[in-house]
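It should be emphasised that the depicted structure is a prediction, and the values quoted were computed from it without experimental measurement. As a basis for the values below, the full set of heavy atoms in this structure was taken, side chains included, without hydrogen atoms, waters or symmetry mates.
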Amino acid sequence: METRKGEADAQQEEEKPAKVEDNGGAVTEENEEGEEEGEEEEEDERVEGINVVAGPEAEKAKLERAFRRLSTEKVGIRVHDILIKGNTKTKDSLIEAELEAMRDAKTVQELIRAASIANARLGSWEIFESVSITLDSGPPELPGTANVIVDVRELKNPLTGDIGVFSKPEAQSWSVEGSVKLKNLFGYGDIWDSSGSYGWNQTTEISSGVSLPRLGRLSTPLTARVSLLSQDWLKFSSYKEGLLGFSVGLFSTRRHDLLYNLTWRTLTDPSHMSSKSIRRQLGHSLVSSVRYMYKLDKRDSQLRPTSGYAVSSVFHIGGLDPDSRSLRFVRQVKNFIHLFPFKYRLQILALVHSVHFPPHFGPT
């Protein structure tokens with residue numbers, strides 16, 4: 001009897017489900033049918049391509065793998081669409097022209113670099129309060145694509161102005177200066193400005209101008225300005241000078257500037273005590289000139305530099321028109337500044353090289 005009872009107990013123990021302790025210390029029951037169902041569910045998930053990852057550590061590892069891949073290899077991508085939001089006055093074509101490099105990007109690295117450059121250029125127009133560029137995934141049916149979302153916030157008040165009173169101790173004079181700016185009037189990023197300056201018994205200047213960040217396919221900014229300047233030098237010399245000028249910026253980049261200037265000058269001698277060099281220039285004259293400027297700044301800061309160097313070179317040539325009364329000259333000015341720290345103070349080396357031809361040009 002005892003033998004038969006032991007065999008029955010052993011058979012019941014074999015039929016009972018096995019108890020397994022998992023990694024977390026909990027006790028669970030699993031049988032052969034549960035194992036088969038779990039394997040079928042895992043196979044279904046692999047077929048459907050579902051990969052469920054939970055937990056912040058897994059997400060962090062996923063991001064690290066993505067950044068490591070972007071830094072070590074080129075990941076191909078193509079821009080599917082560009083969406084522009086927030087521009088109520090600015091033309092879409094103007095913003096899209098700055099995003100052409102993003103359409104030509106072939107890799108993720110090129111797309112990020114182009115987005116950074118476009119963001120900086122749009123911000124430099126001074127017509128937006130904020131600019132943000134977001135790179136989003138493209139449609140699911142088009143793998144390897146991305147959508148570019150540009151969100152801009154235009155200025156609430158496009159009209160700005162300022163006025164101030166300034167003193168010039170070396171000339172013992174005072175001046176009142178003011179300016180007014182109207183931004184993005186026609187939606188092309190245009191900035192219209194007018195400025196004026198009045199100095200007691202010395203200088204009066206009035207000028208107006210307009211600037212465009214780009215015109216059509218020209219990626220360089222364009223500027224045009226009209227100015228009227230009257231200078232009274234009777235207190236320090238013996239003549240009065242009046243200048244009516246028009247200038248236009250032909251080419252402008254980060255390091256290069258090309259400017260054309262056309263000025264009508266009137267020189268008078270009310271005191272009749274001017275020198276011979278001044279008397280030869282009395283009356284009306286025309287100044288037609290082109291000025292080219294090259295600048296390179298490698299200082300660590302423009303406001304309070306502590307190291308680095310800066311170089312600028314200006315080449316100015318006048319007398320481009322056939323009028324015999326026009327002034328003809330060639331002028332070149334070079335500036336070089338180098339900063340190097342010593343033990344207790346900062347040393348600055350500044351060199352200025354200037355060449356004029358003819359040697360004596362203009363009133364002296």
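For V314, the side-chain contact (heavy atoms from CB on, under 4.5 Å) test picks out R291, M293, with sequence neighbours left out. By the side-chain hydrogen bond (donor to acceptor under 3.5 Å, both in side chains) test, D136 is found to be paired with no residue, residues two or more places apart in sequence or in another chain being considered. Remark: S179 pairs with D162, S195 by the side-chain contact (heavy atoms from CB on, under 4.5 Å) rule, at least two apart or across chains. Shown here are the side-chain hydrogen bond (donor to acceptor under 3.5 Å, both in side chains) partners of Y309, two or more places apart in sequence or in another chain: there are none. Remark: S175 pairs with no residue by the side-chain hydrogen bond (donor to acceptor under 3.5 Å, both in side chains) rule, at least two apart or across chains. A search for salt bridge (Lys or Arg N to Asp or Glu O under 4.0 Å) contacts involving K295 returns D257, not counting sequence neighbours. With sequence neighbours excluded, the residues satisfying side-chain contact (heavy atoms from CB on, under 4.5 Å) with S289 are N261, V287, H316, F329. Annotation: side-chain hydrogen bond (donor to acceptor under 3.5 Å, both in side chains) contacts of D81 (sequence neighbours excluded): none.
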Considering only distance and modelled atom types, tabulate donor-acceptor pairs under 3.5 Å from the side chains of residues 118-127, sequence neighbours left out.
residue : atom : partner : partner atom : Å
S124    : OG   : R121    : O            : 2.6
W125    : NE1  : R121    : O            : 3.3

Residue pair H256, L258: steps toward the side-chain contact (heavy atoms from CB on, under 4.5 Å) verdict: CA-CA 7 Å; H256 306 273; L258 184 63; over 6 Å; no

Using the side-chain contact (heavy atoms from CB on, under 4.5 Å) rule, take Y292 and L250 through it: C-alpha gap first, then chi angles, then the decisive distance, then the call. CA-CA 10 Å; Y292 168 75; L250 303 176; over 6 Å; no

Hey, mind stepping through K106 and R78 against side-chain contact (heavy atoms from CB on, under 4.5 Å) and telling me if it holds? CA-CA 6 Å; K106 303 300 182 183; R78 180 176 60 85; over 6 Å; no

I would like to know whether K85 and V152 meet side-chain contact (heavy atoms from CB on, under 4.5 Å); could you show each step before the answer? CA-CA 6 Å; K85 301 179 180 180; V152 298; over 6 Å; no

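Listed by first then second residue, pairs satisfying salt bridge (Lys or Arg N to Asp or Glu O under 4.0 Å) with a partner in residues 144-160 read E129-R153, not counting sequence neighbours.
Between S288 and Y260, the side chains place a donor N or O and an acceptor N or O closer than 3.5 Å (distance only, hydrogens not considered). Side-chain atoms of S137 and N147 include no donor-acceptor pair closer than 3.5 Å. Side-chain atoms of T204 and S230 include no donor-acceptor pair closer than 3.5 Å.
A distance of 8.5 Å separates CD in E205 from OG1 in T203, rounded to the nearest 0.5 Å. Within the model, atoms OG1 of T134 and CG of L83 stand 10.5 Å from one another, a figure rounded to the nearest 0.5 Å. The distance from atom CZ of R331 to atom CD1 of I317, rounded to the nearest 0.5 Å, is 12.0 Å.
W174 and I163 fall within the same hydrophobic cluster, defined by Ile, Leu, Val, Met, Phe, Trp and Tyr side-chain heavy atoms under 4.5 Å apart, directly or through other members. Linking ILVMFWY side-chain heavy atoms closer than 4.5 Å, directly or via other members, places I77 and I149 in two distinct hydrophobic clusters. V248 and F251 fall within a single hydrophobic cluster, where Ile, Leu, Val, Met, Phe, Trp and Tyr side chains are chained together by heavy-atom contacts under 4.5 Å. Cluster membership for L243 and L320, using ILVMFWY side-chain heavy atoms within less than 4.5 angstrom, is not shared. Tracing side-chain contacts under 4.5 Å through hydrophobic residues (I, L, V, M, F, W, Y), one reaches I84 starting from I133; they form part of the same cluster.
For the pair D193 (side chain) and V180 (backbone), a donor-acceptor distance under 3.5 Å is absent.
For the pair D297 and R255, the salt-bridge criterion is not met [side-chain N within less than 4.0 Å of a carboxylate O]. Between E98 and R214 a salt bridge is recorded (basic side-chain N to carboxylate O distance below 4.0 Å).
Between N184 and T90, some side-chain heavy-atom pair lies under the 4.5 Å cut-off. Between I112 and L135, some side-chain heavy-atom pair lies under the 4.5 Å cut-off. With a 4.5 Å cut-off on side-chain heavy atoms, V290 and L259 do not count as touching. Using a 4.5 Å heavy-atom threshold, the side chains of N87 and D92 count as touching. Side-chain atoms of K334 and Q332, non-hydrogen and from C-beta on, do get closer than 4.5 Å to each other. Residues S208 and S194 are in side-chain contact: their nearest non-hydrogen atoms beyond the backbone lie under 4.5 Å apart. No side-chain heavy atom of T145 sits under 4.5 Å from any side-chain heavy atom of V79. Side-chain contact check for F246 versus W264: every heavy-atom pair is 4.5 Å or farther apart.
Heavy-atom neighbours of Y188 OH from other residues, nucleotides or ligands within 6.0 Å: at or below the threshold of 12.
Here the shortest heavy-atom pairing between G319 and R328 reads O-NH1, 2.8 Å. Between E177 and S197, the shortest heavy-atom contact is CG-OG, 3.4 Å. K89 and L185 make their closest contact through CD-O, 4.1 Å (heavy atoms, listed as atom of the first residue, atom of the second, distance).
With R225 as the partner, the side-chain hydrogen bond (donor to acceptor under 3.5 Å, both in side chains) test is satisfied by one option alone out of S211, S247, S207: S207.
The hydrophobic cluster of I117 has no other members, since no ILVMFWY side-chain heavy atom comes under 4.5 Å of it. L244 forms part of a hydrophobic cluster together with L228, judged by ILVMFWY side-chain heavy-atom separations under 4.5 Å.
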